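Following: one structure in C-alpha cells, then a few remarks.
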Amino acid sequence: MSTSYYLTTPIYYVNDKPHIGHAYTTLACDVLARFKRLDGYDVMFLTGTDEHGQKVQKSAEEKGIDPKAFTDQVSQNFRDLTATLNFTNDDFIRTTEDRHYAACQKLWAKLIENGDIYLDSYKGWYAVRDEAFYAESEITDGKAPTGAPVEWVEEPSYFFRLSAFQDRLLAFYDANPDFVAPKSRFNEVKSFVKGGLMDLSVSRASFSWGVPVPGDDAHVMYVWLDALTNYMTAAGYGQDGGESEYAKRWPADLHMVGKDILRFHAVYWPAFLMAAELPTPKRVFAHGWWTNEGQKISKSLGNVIDPVEIANTYGLDQMRYFLLREVPFGNDGDFSHTAMVHRMNGDLANDLGNLSQRVLSMIFKNCDGVMPTRPAQLTEADAPILAALDGLLEGQRKHYDSQMFHEALKEIWEVVSAANRYVDDMAPWALRKTDIDRMKDVLWVLAEILRQVAILIQPVMPEASQNMLDQLGVAADERGFDQLGGATRLSGGWTLE
RNA sequence: GGGCCUGUAGUUCAAUUGGUUAGAACGCACCGCUCAUAACGGUGUUGUUGUCGGUUCGAGUCCGGCCAGGCCUACCA
C-alpha cells in the first residue's frame with residue numbers, strides 16, 4: 001500500500017474573478033501532486049471555493065437570485081479554470097455542500113464541548129461604507145482612516161478562546177521548525193503570536209448565508225472557522241463512513257497558500273485543531289505575489305493578469321514552466337513579456353527543444369529511424385553525464401519536498417546543458433564516417449538522457465514531456481519515476497514514427 | 001511608532017561554521033562546430049559586495065551609525 005500525500009490549495013472566494021494568483025497557487029500544488037503520483041504516492045490534491053459570507057449574500061441579492069444559485073454560477077468559473085489549465089485536483093470542495101456543513105458542525109460541537117467557544121458580544125466601531133470594523137486607535141473625530149463615518153455596533157457573537165493558545169502555539173512552532181516556509185514568513189508568524197493573542201469572533205448574527213451554528217439558529221459560523229475546516233471535510237471528517245479516508249488523509253501534508261492568508265493557516269488553524277484535540281497539518285507554504293511588468297497588480301490599475309490569456313498566448317506548458325522557473329518559490333516575482341519570451345526561447349526552445357531535435361534528426365537520418373539499442377559497453381566519456389542524469393531524482397525529491405521548484409528545474413537543465421556539450425564533444429556527425437557503432441552508442445546515450453529528462457519534467461510540462469516520450473517511443477506505462485536511474489535503461493531497437 | 005528582512009557585475013541571483021584571485025545565468029565580444037528550431041560549444045568581459053566606522057591575522061559574511069527599499073503589526077475573503 002502506498003503512502004498518502006494530501007495537499008491543498010486555499011478555497012477561493014467566489015466573489016473574486018480567477019486571476020494569476022489563483023492559478024499560481026493551484027499550479028504549484030498541481031506540479032507537486034503530479035510529482036508525488038509519479039513517485040508512487042497515493043495523492044489527494046484538493047482545491048475548491050469558499051462560498052459563504054455577507055458579500056456573497058449581498059451580490060446574490062443584487063442579482064435577485066438566491067445565494068445558492070448565485071454560487072453555483074460563480075464557483076463554475078473556478079472549476080473551469082482548473083480544467084483549462086490542466087490541473088489534476090482529485091476533488092473540488094464547495095463550502096455550501098452538505099458534507100462541509102456536517103464537518104463544520106462536528107468541529108464546532110467539539111470546541112463547545114472542550115470549552116473553547118463561548119457566547120459574548122462583538123463590539124466595535126463599524127463603518128457601513130467600508131463594511132469594516134476599526135480599532136479605537138484608528139478613529140479620529142468619529143471618522144475611520146478612510147474618512148468614512150463610523151458607529152458603535154454591538155452584536156452577540158460566539159468567540160473562540162484563541163488567547164489561551166499562545167504558549168501551546170509557540171511550543172508547537174519550536175517543535176516543528178518546518179511547519180511554515182519560507183523561514184522569513186515563519187518568523188513573522190512567531191512574532192505575531194509572541195505579541196499576544198485576542199479571542200476570535202467565530203459567528204455572526206447579522207446575516208444568514210453560512211453554516212448554521214448548532215443549537216443557535218440566530219448565528220452562522222464566521223469566515224475562517226468555516227473556510228479552514230474544508231481541508232478536513234474533504235478528508236472525510238464528519239462524514240458517515242469517512243473514518244478510514246480520514247485516518248489515511250489527515251493531517252494534511254501541505255497547505256499551499258498566498259502570503260496574505262498565512263496567519264489564518266499558521267495561527268488560527270492549528271489553534272482550532274489543538275482545541276479540538278485533532279492533529280495539526282504538517283506544513284504551510286506561503287508563496288509570493290506577481291507584479292505585472294514591474295507594477296503592482298490591482299483592479300483599479302486594470303492590470304490584472306488573466307492566466308487563460310497567458311496560456312493562450314504563450315502555451316500552457318510554457319506558462320507553467322515560466323511561473324515555476326523564473327522566481328525562487330516563496331519570493332515575489334515579476335511577470336513580463338520579455339522575461340517570458342527569454343525563458344521560452346532560451347531554456348525551452350534552444351536548450352531542450354533543440355537538443356531533442358538534433359538527436360532525433362540524427363537517428364532518423366543515420367540509423368534509418370531505428371532507436372539505437374543499449375550499448376554493451378559504454379566509455380569513460382559517457383560515464384559522467386549518465387551519472388549526473390541518474391542522480392537527478394534524489395535532488396528532485398529533496399527540492400519538491402521543500403517546494404523549491406526553481407531549484408529542481410535548474411538541476412534538470414544543468415544536465416540538458418551537459419548533454420548539448422556532450423553532443424559537441426562526441427561529434428556524432430564525424431563518427432558517422434569513422435565509427436558508425438560508436439555513433440549509435442552516442443545517440444543512445446543522448447536518447448537515454450532525453451528519456452529521463454522528459455520523465456522528470458512531466459509534473460511541470462505534461463504536454464511537452466508526453467510529446468517527447470512519444471517521439472522517443474517510450475511506452476505509456478513506462479513513464480513513472482521507477483523508470484529512472486541506472487536500473488532501467490532505454491532498450492531501443494524500435495522504429496521511430 | 002514597534003518588530004523582521006534586504007541592499008553583491010548592465011540585469012536576475014549565488015557565495016559551507018568569517019579564510020586563498022567574490023561565482024552562475026542572461027546580455028555583450030571574439031573563436032569553434034555544422035547534427036539541429038540561425039540553434040549548440042569554447043574563451044573572454046565588467047564589481048570601491050549601499051555608505052561610514054569598529055572587532056579580527058583575515059569581513060560580502062560579525063558589531064554600531066547613516067542612506068535606500070521591502071515585509072509583518074488580527075476578524076474582507
Side-chain angles (χ1 to χ4, degrees), chain A residues 10-16 22 49-56 58 95 122 124 126 130-135 137 157 159-160 162-163 182-204 222-228 257-264 267-268 286 288-289 296 325-328 331-334 336 338-339 341-366 406-407 410 413-414 416-432 439 442-443 446:
Chain A
I11 44 175
Y12 303 121
Y13 201 53
V14 286
N15 241 26
D16 292 336
H22 300 113
T49 42
D50 183 4
E51 310 191 358
H52 287 135
Q54 192 167 19
K55 279 189 184 172
V56 172
K58 213 175 140 195
T95 55
Y122 189 56
Y126 185 75
D130 302 340
E131 295 178 9
F133 280 88
Y134 290 96
S137 58
S157 169
F159 282 83
F160 172 72
L162 183 64
S163 59
K183 276 272 180 297
S184 55
R185 295 285 162 206
F186 203 4
N187 290 338
E188 288 175 6
V189 167
K190 288 175 189 168
S191 78
F192 174 78
V193 172
K194 277 177 192 156
L197 298 169
M198 298 191 307
D199 287 352
L200 198 65
S201 169
V202 290
S203 82
R204 281 288 186 279
Y222 189 53
V223 188
W224 290 105
L225 188 60
D226 171 359
L228 290 163
V257 300
K259 62 183 185 180
D260 53 324
I261 55 171
L262 174 61
R263 189 197 317 133
F264 311 106
V267 180
Y268 300 176
W289 283 356
K296 201 171 171 179
R325 175 63 184 84
E326 183 67 5
V327 172
N331 291 6
D332 288 348
D334 181 48
S336 74
T338 49
V341 169
H342 271 151
R343 283 290 173 198
M344 279 171 54
N345 290 350
D347 298 0
L348 299 183
N350 297 348
D351 290 347
L352 180 59
N354 183 54
L355 174 68
S356 172
Q357 187 66 32
R358 64 201 303 208
V359 171
L360 288 171
S361 161
M362 280 189 277
I363 293 174
F364 271 108
K365 287 181 187 166
N366 303 315
H406 62 292
E407 290 288 354
K410 205 159 126 189
W413 255 258
E414 278 166 16
V416 171
S417 293
N420 274 316
R421 216 154 40 232
Y422 175 84
V423 177
D424 278 34
D425 291 346
M426 297 299 112
W429 52 89
L431 290 170
R432 182 185 51 172
M439 178 204 73
V442 165
L443 292 177
L446 287 162

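Residue numbers begin at 1 in each chain, while the letters A, B, ... track the order of the sequences. Values in this document were obtained by computation on a predicted structure and should not be read as measured data.
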Nearest-angstrom distance, [atom1] atom, [N] to [M]:
| N | M | atom1 | answer |
| --- | --- | --- | --- |
| rU46(B) | rA24(B) | P | 12 Å |
| rU55(B) | rU73(B) | P | 40 Å |
| rU21(B) | rC33(B) | P | 38 Å |
| rA77(B) | rG70(B) | C1' | 25 Å |
| rG60(B) | rA22(B) | C1' | 8 Å |
| rG19(B) | rG58(B) | C1' | 7 Å |
| rA36(B) | rG18(B) | C1' | 48 Å |
| rG7(B) | rU49(B) | P | 14 Å |

Could you pull out the closest heavy-atom pair between [X] and [Y], with the gap in Å?
| X | Y | answer |
| --- | --- | --- |
| Pro428(A) | Val423(A) | CD-O, 3.3 Å |
| Tyr13(A) | Gly53(A) | OH-CA, 4.0 Å |
| Asp226(A) | His52(A) | OD2-ND1, 2.6 Å |
| Leu197(A) | Val267(A) | CD2-CG1, 4.2 Å |

Heavy atoms under 4.0 Å, any strand shown: does [X] hit a base, just sugar-phosphate, or nothing?
| X | value |
| --- | --- |
| Asn331(A) | nothing |
| Leu197(A) | base |
| Gly196(A) | base |
| Tyr12(A) | nothing |

Ser417(A) side chain to Trp413(A) main-chain N or O, any donor-acceptor pair under 3.5 Å?
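Yes.
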
Has Ser203(A) got a side-chain atom pairing as donor or acceptor with Tyr222(A)'s backbone, closer than 3.5 angstrom?
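Judged by distance alone, no pair lies under 3.5 Å.
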
I need the [atom1]-[atom2] distance between [X] and [N], as an integer number of Å.
| X | N | atom1 | atom2 | result |
| --- | --- | --- | --- | --- |
| Asn187(A) | rC71(B) | CG | C1' | 12 Å |
| Arg204(A) | rC76(B) | CZ | P | 8 Å |
| Glu414(A) | rA14(B) | CD | P | 15 Å |
| Asp16(A) | rC76(B) | CG | P | 14 Å |
| Gln54(A) | rA77(B) | CD | P | 10 Å |
| Lys194(A) | rC72(B) | NZ | C1' | 14 Å |
| Asp347(A) | rA25(B) | CG | C1' | 9 Å |
| Arg343(A) | rC26(B) | CZ | C1' | 8 Å |

Angle between ring planes, Tyr12(A) versus His22(A), binned at 30° and 60°: parallel, tilted or perpendicular?
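It falls in the perpendicular class, over 60°.
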
Taking the six-membered ring for Trp, are Tyr268(A) and Trp224(A) closer than 6.0 Å centroid to centroid?
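Tyr268(A) vs Trp224(A): aromatic centres not under 6.0 Å.
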
Partners of Phe186(A) by ring pair (Phe, Tyr, Trp, His ring centres under 6.0 Å), sequence neighbours excluded?
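Once residues adjacent in sequence are excluded, the partners of Phe186(A) under the ring pair (Phe, Tyr, Trp, His ring centres under 6.0 Å) criterion are Tyr173(A).
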
To the side chain of Asp50(A), which of rC75(B), rG3(B), rA77(B) is closest?
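Out of rC75(B), rG3(B), rA77(B), the nucleotide with an atom closest to Asp50(A)'s side chain is rA77(B).
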
Is it true that Asp424(A) and Arg358(A) make a salt bridge, defined as a side-chain N closer than 4.0 Å to a carboxylate O?
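Here Asp424(A) pairs with Arg358(A) in a salt bridge, since their nearest N and O are under 4.0 Å apart.
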
I need the Asn345(A) CG to Thr338(A) OG1 distance, nearest 0.5 Å.
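Nearest 0.5 Å value for the CG-OG1 distance: 11.5 Å.
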
Which residue, Asp199(A) or Arg185(A), contacts RNA chain B at a nucleotide closer to its 5' end, judged by nearest heavy atom?
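Of the two residues, Arg185(A) wins.
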
Given that Val14(A) and Tyr268(A) both sit by RNA chain B, which one's nearest nucleotide is further toward the 5' end?
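Closer to the 5' end of RNA chain B: Tyr268(A).
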
Quick tally for nucleotides 32-39 of chain B: nucleotides whose base has a protein heavy atom under 4.0 Å get B, sugar-phosphate-only ones S, the rest -, giving BSSBBB-S

With a 4.0 Å limit, can you tell me whether Tyr222(A) has a side-chain N or O closer than that to the phosphate oxygens OP1/OP2 of rA77(B)?
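So the side chain of Tyr222(A) is within the cut-off, an N or O lying under 4.0 Å from OP1 or OP2 of rA77(B).
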
Both distances under 3.5 Å, Watson-Crick or G-U wobble: on that basis, could you give the dot-bracket string for RNA chain B, with [ ] for crossing pairs and | for other-strand partners?
(((((((..((((.....[...))))((((((.......))))))....(((((..]....))))))))))))....

